[in-house]
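A quick write-up on the structure given underneath.
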Amino acid sequence: MAEKLLELKRVSMAFGGLHVVNELDLHVDEGEIVSVIGPNGAGKTTLFNLITGVYEPTEGDIVFAGRSIKGMDPHKITKLGIARTFQTLRLFLNMTVIENVMAAAFAHTRAGAFRAMLRTPGMRREEGEIRNLAEERLAFFGQRLMGYRWNQPAYSLSYANRRRLEIARATATNPRLLLLDEPAAGMNPTETHEISELIGKLRDEGGYTILVIEHDMLDHGVKISEGSFEYVATDERVVEAYLGTKATATK
Amino acid sequence: MDDFIQYTINALTLGSVYALIALGYSLVYGILKLLNFAHGDVFMVGAYIGFGMLNLLGGATSPVVPVWLLLTIMVATAMAGCAVIGVAIERFAYRPLRDAPRIAPLISALGVSFFLTYSMQLLFGAEQRDYNAFSLDNGVLFLKGFDIGNVRVPLLRIVIISSAFVLMISLWLLVNRTRTGKAMRATSFDREAAAMMGIDIDRVIRFAFVLGSALAGAAGVMFALRAPASVTIGFVAGLKGFTAAVIGGIGSIPGAMVGGLMLGFAESFTQGYVSTRWSDLAVFTILILFMLFLPQSLFGRADISKV
Amino acid sequence: MTDAERPTPNVPDSLTEPAGPAVGQDEWVARHAERRLLRGGRLGAVEERLRAAPWWAWLTVFVCLAALLPVGFSSGYVRRVAFDTVLYMLLALGLNVVVGWGGLLDLGYIAFYGLGAYCYALLSSNQFDVHLPTVATVPIVVVVGAVAGWLIGLPSWRLSGDYLAIVTLFFFQIFIVVVTNGDHLFGHNVTGGSNGIGGVDANVRPFNLFGHDLPVAHSGSFNVAYLYVVLAFFAVVFVLLRFVNESRIGRAWRSLREDPLAAELMGMPVNWLKLLAFSFGAAVAALSGTIFAALNAGVFPTTFAFPLLITVYTMVILGGSGSQAGVIVGAIVVNVLLELLRDAGNARYVFYALIVLALFGVYRLSVRLAVVLGGTIALGFVVHGIASAIAKSNVDGPANGENWLIDGLRHWVIVPRDLGPWKQITYVALIGVILLLTLVRGWWRVALLVPTLYLAAFVWENVMLTAPEATRFIILGAILVSVMIARPSGILGERRVEIV
């Protein structure tokens with residue numbers, strides 16, 4: 001029986017008087033792919049921000065692999081094994097493709113400033129390992145991000161490739177849990193299907209547990225978390241019901 | 001007790017000047033999120049414009065117009081001149097950088113500040129200048145006044161404090177009771193949205209600079225009436241004005257006023273009860289503590305940005 | 001992007017066929033490298049050739065040339081200027097780490113320079129009667145600088161760009177206040193107050209090795225040995241910093257510059273990285289302070305003032321923040337410029353040379369160039385003729401910095417005996433018309449240039465040359481603003497592309 005990798009216990013997030021998340025219970029088991037769906041403004045990205053430590057929940061607790069991560073610095077949470085992509089892409093545009101991925105290996109590498117200054121053999125070996133890791137992660141996407149592409153600046157990539165690069169970068173942190181924020185946004189049906197398969201591949205071959213935010217259901221087996229939580233819409237907008245999930249507006 | 005009253009009067013005078021400067025910082029920061037380093041130097045230019053007017057009208061010992069008119073003209077021309085300079089600075093040094101990374105306009109501001117300071121030094125020399133306000137009308141500004149206990153409050157101080165307040169209240173009314181003021185507030189919340197609502201952003205920004213620089217100009221004249229001025233007063237005054245703005249909550253108008261007064265008190269009382277040497281240090285330390293532990297400051301708004 | 005990872009210009013060879021359909025692929029990428037060659041025209045091709053050479057080759061060539069400078073120039077003054085330039089290069093390297101690599105606007109940077117100098121003085125003088133050998137003082141001071149940098153950088157944990165800038169500026173002010181009033185610190189004379197620590201009584205020791213002092217002067221003039229010392233410091237610092245920048249820390253710094261939030265979420269401890277940058281910068285500044293104090297046999301609070309900060313910033317910004325080679329070039333250009341501007345005669349050469357070069361650079365050999373040059377010259381003679389016809393005293397005033405150039409130009413540019421209010425009027429007018437120039441284009445600009453240039457010559461001769469100290473700083477300020485607006489990446493900085 002798979003363990004609960006991530007658990008949110010009655011998590012609430014309020015900005016001043018505005019409640020964006022209201023007593024949310026959620027858990028993700030190891031090896032699962034979980035979809036979070038809902039209309040814009042429902043608080044999905046906020047959820048990701050809460051999990052990754054960008055926001056601290058005003059109430060409730062977040063437990064990852066048995067450890068409470070509430071209030072932790074984001075980079076520490078990443079080090080523990082949670083990585084994410086962004087709804088609006090946030091690549092390091094002026095760096096090369098491979099540098100983007102190598103940069104994400106920071107948390108699990110160790111060569112410090114002194115060793116760097118002296119270029120010790122240990123540091124150089126580690127650099128080689130980082131490079132290999134990055135190449136591996138990029139190879140996951142087939143030929144698209146390979147070869148000459150490694151040394152091209154990230155801003156030269158097409159939109160779809162940028163999305164892929166962001167996923168590759170996230171995997172370079174060696175996460176256990178991968179949070180994908182609308183990975184198929186702005187893509188045509190073929191590309192969306194590809195992303196869908198990619199997510200499956202990430203779980204099957206990569207071994208990652210995945211939490212995906214999407215507008216529409218993706219076409220592989222998806223489990224929607226237990227229906228007793230509520231997403232809170234902001235202000236007055238009326239929310240369409242998605243597959244029977246009800247969301248209520250609260251002041 | 002007498003000392004206390006004296007220090008308080010000092011504090012109010014100083015504080016009014018700082019508040020005027022702080023308002024300029026707040027106005028600009030509120031809209032552009034830019035710390036206008038050159039603001040202090042605009043203040044300095046105001047002092048010099050006042051001096052120029054004074055000389056033009058006969059000098060302190062033999063002015064060709066009555067004292068009250070003379071002072072009004074000095075303040076008015078300083079305000080006008082500084083407004084023009086402020087607009088020019090905005091148009092040529094900041095506007096091209098509106099979409100650049102934040103560090104760019106800051107560096108540009110540093111450059112402008114430097115440019116202004118040393119241009120004034122080139123044109124008017126590095127030595128200190130005195131309005132010689134004491135001579136005006138046989139010292140009426142200093143000899144007339146009223147008494148609190150044993151302490152005489154000279155007319156000059158009263159004039160400074162009250163005119164500063166008049167200016168501040170006018171500004172507050174302008175920002176809160178007029179359409180342009182509303183446009184300014186809207187722009188400071190969300191520039192893009194304001195633009196989409198039909199607000200002419202360029203005009204609003206220009207207006208903020210006009211107001212802020214004019215106030216700085218007035219502050220310059222008021223400052224120079226009490227103390228000798230040189231081209232370097234802008235730097236320190238700018239720092240202190242900025243401190244006041246931050247203490248009160250940058251972007252907030254009542255905050256700038258309160259911050260200015262608080263700073264005036266802090267400086268005056270440290271000068272009086274501790275020593276003049278260390279008063280600046282006290283001021284700077286207060287600011288750092290405020291910024292580190294009270295980022296919200298007294299009246300400021302928290303900035304919620306979307307990730 | 002580090003040099004190692006820059007794409008090479010031989011595009012067709014290194015481009016492997018991407019798998020899958022060509023439609024929708026990034027053709028822009030394929031043409032990207034070609035584009036880089038074309039960019040900058042002739043200069044671009046040269047740039048590519050030069051960039052291909054390994055960096056350490058450049059460094060070696062540079063250091064050798066600099067070391068050979070005393071052979072070619074025996075003047076103590078020139079050697080001293082060379083020393084100052086290399087010292088500035090050191091300072092610029094340090095600031096580059098904070099501003100260029102860390103992306104932090106540290107307006108207190110010079111305080112670390114001062115801290116280093118004062119610490120050296122305290123550890124090698126009679127102030128507290130401590131006389132440590134140089135091999136001990138220098139490392140100690142560097143460590144003190146690093147620690148101080150870490151501490152002063154702590155506010156960056158909470159504060160963003162503009163606020164951090166102000167807080168660092170305030171720390172700078174505090175430093176100045178403490179150091180200037182440090183002769184009454186709790187009853188002890190720590191820093192010598194406004195007189196600093198120096199002179200015969202203080203006996204600040206120069207650098208020494210194995211007990212032998214390195215005298216600061218050789219028969220009255222600058223001891224070249226110090227040039228070699230500072231060159232050695234520079235080379236070592238350059239290499240060490242370069243290695244750090246090419247490691248995972250440098251990558252993390254670059255990521256943090258690009259997008260701090262994303263960097264943090266990719267596991268990079270952004271706050272710690274900022275502190276590291278601060279620390280490195282401060283350490284380098286402190287190191288520079290030691291040599292400064294040793295050579296000047298003392299430290300005085302007035303040295304470490306705002307103008308010095310702006311000078312170093314101009315070097316970094318002009319040269320290209322983020323690029324070590326860039327800030328070196330910036331330091332050389334700015335310091336040489338400042339030196340030339342000290343003397344009115346030299347300043348004149350610089351002015352006219354720059355104007356002519358700029359005109360050629362913008363207009364190349366074209367009709368417009370001819371119009372501008374011809375028009376300006378003609379206008380000059382006309383106006384001068386009229387002015388001297390009205391009154392001789394209009395044109396026979398004494399020139400600032402007499403030399404052959406002004407003697408020749410006298411019949412063209414007006415040098416009145418008595419300027420009066422024209423000093424201020426013409427200066428302000430010149431600024432106004434230069435600003436106006438930025439607003440017009442094409443032939444309007446050409447037309448406006450003619451009177452502008454003539455007015456500029458007038459103002460230069462009669463106003464700016466009268467106060468070289470002020471003029472230098474005016475120019476620095478102008479450089480800062482213009483660079484930020486026209487070419488924010490400076491001369492050699494990385495050209496950043498941000499496609500939103």
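By convention in this document, chain letters (A, B, ...) are assigned in the order of the sequence lines, proteins followed by strands, and residues within each chain are numbered from 1.
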Inset, instruction - Please round to the nearest 0.5 Å and tell me the distance separating atom CG of A/L91 and atom CD of C/E258. - result: 9.5 Å

Legend entry - Distance (rounded to the nearest 0.5 Å) between A/M123 CE and C/I249 CD1: 8.5 Å

Inset, instruction - Could you tell me which portion of A/R169 (side chain, backbone, both or neither) has an atom closer than 4.5 angstrom to a non-hydrogen atom of chain C? - result: both

Legend entry - A/N100 side, atom CG; C/M266 side, atom CE - distance, nearest 0.5 Å: 10.0 Å

Inset, instruction - With rounding to the nearest 0.5 Å, note down the distance linking CZ in A/F86 to CG in C/L265. - result: 4.5 Å

Inset, instruction - Report the option among A/G53, A/A107, A/A103 that has the most heavy-atom pairs separated by less than 4.5 Å from atoms of chain C. - result: A/A103

Inset, instruction - Tell me, yes or no, whether the heavy-atom count around A/R125 atom CZ, taken from other residues, nucleotides or ligands under 6.0 Å, exceeds 12. - result: no

Legend entry - chain C contacts, top residue of A/A170, A/A113, A/A83 (heavy-atom pairs, under 4.5 Å): A/A113

Inset, instruction - Answer yes or no: is there a side-chain heavy-atom contact under 4.5 Å between A/H75 and C/V270? - result: no

Legend entry - Side-chain heavy-atom pair A/M117, C/F280 within 4.5 angstrom cut-off: yes

Inset, instruction - Mind ranking C/A263, C/S247, C/A262, C/S255 by heavy-atom pairs under 4.5 Å with chain A and telling me who comes out on top? - result: C/S255

Legend entry - chain A interface, residue from C/V244, C/V239, C/L241 that has the most non-hydrogen pairs under 4.5 Å: C/V244

Legend entry - Heavy-atom side-chain proximity of A/E127 to C/R248 below 4.5 angstrom: yes

Legend entry - Separation of A/F106 CZ from C/R251 CZ (nearest 0.5 Å): 9.5 Å

Inset, instruction - Evaluate whether atom CH2 of C/W157 has more than 12 neighbouring non-hydrogen atoms of other residues, nucleotides or ligands under 6.0 angstrom away. - result: yes

Legend entry - A/T78 vs C/M268 side-chain heavy atoms within contact, under 4.5 Å: no

Legend entry - Approximate separation, where rounding is to 0.5 Å, of A/N49 CG and C/L261 CG: 7.5 Å

Legend entry - Under 4.5 Å from any heavy atom of chain C - which part of A/E126: side chain

Inset, instruction - Could you tell me which portion of C/L273 (side chain, backbone, both or neither) has an atom closer than 4.5 angstrom to a non-hydrogen atom of chain A? - result: side chain

Inset, instruction - For chain C, find which of A/T109, A/I130, A/T173 contributes the most heavy-atom pairs closer than 4.5 angstrom. - result: A/T109

Inset, instruction - Using a cut-off of 6.0 Å, state whether more than 12 heavy atoms not belonging to A/R110 lie near its atom CZ. - result: no

